[in-house]
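The next block holds one structure in the form of structure tokens; read it before the comments.
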Amino acid sequence: MKHLIILFFVFVLVSCKKEGVVERGTGGHAVVYAGETYRYATGVVGEGDAMRIVEQAEHYEISEVRIEDNEAVYYYKPAAGFSGEEKMVFEVIRWEGSTKIYHSFFITIEVKEEED
């Protein structure tokens, strides 16, 4: 009986952990010129999938995720007068069967004053 109680508590502790697999990667690097809006189609689609910004850009007029045609799309427009580099970090939660997959990635954007 004592072993059965110990096994029960081990099972409860293991099942209470954040389930799923964590993956990390880069979304890429982009160059944006002053006044332009950058659009990144993330490929996050499907029922139950979710995406959020974990680390927001610092110098922006627009920096948001929108749902378009059942896909998460990230939009970024630099603040007026800003040039330099921005970094945004995202988290995506996807379902594969009954398993949650946590994927984080980042995008760096180089903002230039005018096109070369």
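Between V32 and P78 the shortest side-chain heavy-atom distance falls below 4.5 Å.
I109 contributes atom CD1, which lies 12.5 Å from atom NE2 of H59 (distance to the nearest 0.5 angstrom). Distance check: D49 CG to I93 CD1 gives 9.5 Å after rounding to the nearest 0.5 Å. One distance of note links CZ of F106 with CD of E55; it measures 10.5 Å at 0.5 Å rounding.
Among residues at least two apart or in separate chains, salt bridge (charged side-chain N to carboxylate O under 4.0 Å, His left out) pairs with a member in residues 71-87 are E61-K77. Screening residues 61-81 for ring-ring contact (aromatic ring centres under 6.0 Å, His included) gives Y74-F90 as the qualifying pairs, with residues at least two apart or on separate chains.
Linking Ile, Leu, Val, Met, Phe, Trp and Tyr residues whenever their side-chain heavy atoms come within less than 4.5 Å leaves I62 and M88 in two separate clusters. Put simply, V92 and V73 are part of two different groups of oily side chains (I, L, V, M, F, W, Y) that touch within less than 4.5 Å, one to the next. Under the 4.5 Å side-chain contact rule for hydrophobic residues, Y60 and M51 share a cluster.
Hydrophobic cluster membership of I67, counting Ile, Leu, Val, Met, Phe, Trp and Tyr whose side-chain heavy atoms lie under 4.5 Å apart directly or via other members: none, as it forms a cluster of its own.
Annotation: side chain to side chain contact (heavy atoms under 4.5 Å, CB included) contacts of V31 (sequence neighbours excluded): H29, Y33, E110, K112. Remark: E64 engages R66 in a salt bridge (charged side-chain N to carboxylate O under 4.0 Å, His left out) (not counting sequence neighbours).
In terms of modelled atom types and a separation under 3.5 Å, the side chain of T42 and the main chain of A72 share a donor-acceptor contact.
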